[in-house]
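We use all heavy atoms of the structure for the numbers below, so side chains are in, but hydrogens, waters and symmetry mates are not. We count ligands from 1, going down the list as the structure has it; atoms in each ligand are counted the same way. It should be emphasised that the depicted structure is a prediction, and the values quoted were computed from it without experimental measurement.
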Amino acid sequence: MKPYSELTREELLALRDELRSHYQTLKGLGLNLNMSRGKPCKEQLALSMGMLDVLKGDSILESEDGTDCRNYGGLTGIPEAKRLMGDMMEAPSDQVLLYGNSSLNLMYDTVSRAYTHGVLGGTPWCKLDQVRFLCVVPGYDRHFAITEHFGIENVPVPMGPEGPDMDLVERLVSEDASVKGIWCVPKYSNPSGNSYSDETVRRLAALKPAAKDFRIYWDNAYTIHHLYDETQQDTILEILSECEKAGNPDLVYKFGSTSKICFPGSGISALATSKHNLKDMEKQMKSQTIGHDKINQLRHVRFFGDIQGIRRHMQKHADILRPKFEAVNEILERELGGLGIGSWTKPRGGYFVSFDTLEGCAKAVVSRCAEAGVVMTQAGATWPGGRDPRDSNIRIAPSFPSLSDLKTATELFALCVKYVSAEKLLEQR
Ligand SMILES: Cc1ncc(COP(=O)(O)O)c(C=O)c1O
């Protein structure tokens, strides 16, 4: 099949009619499928059931420093769990702070503290006329929602195959003191699946911010979420040490969690940053909590053992997820390859595929899918405020449905892309 842009009006009309009739047939099947949120499927969750058996009524619930994990205390977490999370996050354990069950909550609290109390003695953001955050787009809607919630202006910065547009980031960060942060998902990014190049990491670490309290919010949520073996994995430079080398030791907050390693919502989250930043944060945390869930921290350590245990566990996740990502790519390639009406990423890890339609088609594609029983992430969700100026980006989340449901859903999605694109091109003829 020729690219759609080379079809005559008559050819396009005939094609549109054929696609419409195919769409009506599929719509009649009454599908009820969901490719919207990046949730692990049941088989993935089953991999961690043993975690529920590692602690029993007669288990010794003491951490290695003698802390009784059943009792109050341990504001920053037990040492063996800090080591486990530090190894995963490539940070020394004395630069790690363990938090509760969700890294998003930790990110929210980090922004909230800066807003009400300031960063390292700086002016609380609530007292400033203007606070801006850079949002790498397409990006993660829940990041954007946090800053939006505090009335912070989200400023989009385009993401490419090597990371954010660094010329733009450098200019905005160095010239504008109201820019206080940048949201980054540096590895197997949500949604593109791309990872930052070494040059991008070095340039971020060497930023010269106009605002002293500017920080990089480095959400490395997919740090060990590979789909393939070591020969085909993305690696990124470790940013804490790059910041130190660049003379910017306090510039970054690294976030991570075990949400998509064991049980989302019941994992442990962590922050790795400079000791200076940690001290500032701990001072404020003391007014917030006596400590987080140490029994859960212990459970993680007893179940995984060490970082090698987490790596082995992640290979099992990969074996479940890889066929799903490959099926999505094969179907998109077979149905849309060479038609010039869509492009998509082929990530080697993470949870998402990013799809770009012709300009002005994403909303219509998502709504056609919904009418036919396939729920996609809302079009626009990958942009601050849900406003994608080109109305073209759609996030595909292949993890949750079964392989056969996923294939059906992707076929329907591809059909909707073709149908909506044909209609769009006809409008322009
Ligand atoms: C980039 C990113 N960060 C954080 C989260 C949520 O993490 P948590 O469950 O630790 O709050 C997600 C979940 O989809 C994510 O994609």
Contact region, S103 to ligand 1, non-hydrogen atoms below 4.0 Å, reads both
Indicate, as side chain, backbone, both or neither, the part of V185 found under 4.0 angstrom from ligand 1 when only non-hydrogen atoms are considered.
-> side chain
Does E162 come within less than 4.0 Å of R203, counting only side-chain N to carboxylate O?
-> no
Would you call D141 and R37 a salt bridge, taking side-chain N to carboxylate O under 4.0 Å as the test?
-> yes
Regarding [X] and [Y], do their side chains bring together a donor and an acceptor under 3.5 Å, going by distance alone?
X: D109; Y: Y99; answer: yes
X: S241; Y: E244; answer: no
X: N393; Y: S354; answer: yes

Are R395 and F355 in a cation-pi setup, meaning NZ or CZ lies under 6.0 angstrom from the ring centre and within 45 degrees of the ring axis?
-> no
Of all the non-hydrogen atoms in the protein, which one sits nearest to [atom], and at what distance?
atom: atom 14 (O) of ligand 1; value: K260 NZ, 2.8 Å
atom: atom 3 (N) of ligand 1; value: D219 OD2, 2.5 Å
atom: atom 6 (C) of ligand 1; value: Y140 OH, 3.7 Å

Shortest non-hydrogen contact from S102 to N105?
-> OG-N, 3.0 Å
Atom pair OH (Y253) and CG (L278), whose distance is rounded to the nearest 0.5 Å | 9.5 Å
Any Y222 heavy atom less than 4.0 Å from ligand 1 | yes
Would you call R142 a ligand 1 contact, heavy-atom distance under 4.0 Å?
-> no
Which atoms of ligand 1 have any heavy atom of [X] under 4.0 Å away?
X: S259; result: 8 (P), 9 (O), 10 (O)
X: S102; result: 10 (O), 11 (O)
X: S257; result: 8 (P), 10 (O)
X: A221; result: 1 (C), 2 (C), 3 (N)

Ignoring angles and geometry beyond distance, decide whether G265 reaches within less than 3.5 Å of ligand 1 through its nitrogen or oxygen atoms.
-> no
